[in-house]
Amino acid sequence: MAIGLVIGRDENERKKMSSYIQEWMDSLLAQDPQLDLRLYPNLGDINEIDFIVVLNAPTGIFKEFTHVKAILTLTAGVDSLLSDNSLLPHIPIVRIEDPFMADDICQYALTYVLQYMKQVEHWHNLQKHHDWDRRVPFVFSSKTIGVMGLGYLGKRVAVTLSQLGFTVNGWSQSPKEIPGVTVYTGQDQFIDFLQHTDIAVCLLPLTLNTRDILNKNTFSHLKKGAHIINMGRGEQLVEEDLLAALDSGQLTGATLDVFRQEPLPKDHLFWDHPKIIVTPHIASITNPRTAAVQVVENIKRMQKSEEPIGKVDLTQGY
Ligand code: GLV
């Protein structure tokens with residue numbers, strides 16, 4: 001059994017990512033030193049490859065891999081991979097569901113939820129002006145967090161925040177039972193969900209249904225003065241609608257980790273906007289040391305014809 005490791009869009013990117021690629025090789029081999037791991041483009045006889053493990057693979061390569069048992073992607077989101085027209089429909093795709101990545105996502109959400117709840121920026125501004133203006137910060141129970149998307153990561157965020165004492169609602173396509181979290185389902189309950197939300201945390205997968213979902217209509221239904229945290233995908237946010245909602249005061253802030261164009265262009269308005277926090281897509285970065293455990297376990301499962309963890313539903317697109 002051979003495994004092809006395909007990381008990087010082209011030679012240039014592979015060079016830049018060489019130490020990350022090496023970390024992946026080492027981490028996968030640490031899980032199983034017997035793995036016949038082959039690094040793209042030196043895959044040898046392509047018919048010997050049983051699994052391909054990919055991250056930012058070159059576009060259009062997949063039609064060659066007619067015999068692989070699965071494509072394992074090293075990302076949580078699969079939108080970029082699924083946009084590759086060379087994918088063969090009969091080959092399953094498996095994504096990363098790494099508990100350590102989920103912890104990173106939870107900690108990111110918590111950081112910015114607390115920043116909003118505890119009005120950190122307000123106190124810092126007062127300090128700049130040596131201004132001793134005491135006022136009661138928001139109490140946790142007076143604000144509701146609405147997690148959009150209750151997949152592997154969204155559910156973890158909702159549960160973690162709820163266990164910490166926040167009031168948490170969630171919204172997902174299909175009905176879910178999550179202890180401590182009030183779940184709204186489908187398009188019918190979307191507006192109701194928004195109307196109860198002070199902090200909207202987006203962890204939706206990017207699909208045709210969720211593209212542009214953070215738009216002026218959505219913002220108008222959130223509670224006045226709401227904050228949004230986008231950890232989903234940049235294409236879910238209509239940028240000019242966000243700017244307008246911040247200007248009007250309908251939203252008081254946005255924390256954005258993902259963007260339509262990444263890296264965010266140097267002259268983009270978001271960089272200097274006083275109500276926007278920009279982070280460079282770091283809410284969670286796949287860590288080879290932790291994620292390799294799942295990749296190798298999934299390969300072993302599939303060799304035994306067992307279902308892998310994190311199999312993508314190709315009809316849903318996530
Ligand atoms: C990051 O955004 C990922 O999809 O893993």
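When a ligand or atom number is given, it counts from 1 through the structure's own listing order.
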Original post:
So does Arg9 have more than 12 non-hydrogen atoms from other groups sitting under 6.0 Å from CZ?
Top reply: yes
Could you give the side-chain donor-acceptor pairs of residues 301-314 under 3.5 Å, partners two or more places apart or in another chain?
{"from": "Arg301", "atom 1": "NE", "to": "Glu297", "atom 2": "OE2", "distance (Å)": "2.9"}
{"from": "Arg301", "atom 1": "NH1", "to": "Glu307", "atom 2": "O", "distance (Å)": "3.2"}
{"from": "Arg301", "atom 1": "NH2", "to": "Glu297", "atom 2": "OE2", "distance (Å)": "3.0"}
{"from": "Asp313", "atom 1": "OD1", "to": "Thr315", "atom 2": "N", "distance (Å)": "2.9"}
{"from": "Asp313", "atom 1": "OD1", "to": "Thr315", "atom 2": "OG1", "distance (Å)": "2.5"}
{"from": "Asp313", "atom 1": "OD1", "to": "Gln316", "atom 2": "N", "distance (Å)": "3.4"}

Original post:
Which class fits the ring pair Tyr20 and Trp24: parallel under 30°, tilted 30 to 60°, perpendicular over 60°?
Top reply: perpendicular
**OP:** Quick one: do Met101 and Ile285 satisfy side-chain contact (heavy atoms from CB on, under 4.5 Å)? Show the steps, please.
**Re:** CA-CA 7 Å; Met101 275 172 91; Ile285 295 179; over 6 Å; no
Subject >> Residues in contact with ligand 1, criterion: heavy atom under 4.0 Å >> reply: Thr75, Ala76, Gly77, Met101, Arg233, His281
Original post:
So among Leu114, Ile145, Thr167, Leu164, which one has a side chain to side chain contact (heavy atoms under 4.5 Å, CB included) with Phe140?
Top reply: Leu114
Original post:
Going by atom types alone, do His268 and Gln261 pair a side-chain donor with an acceptor below 3.5 Å?
Top reply: no
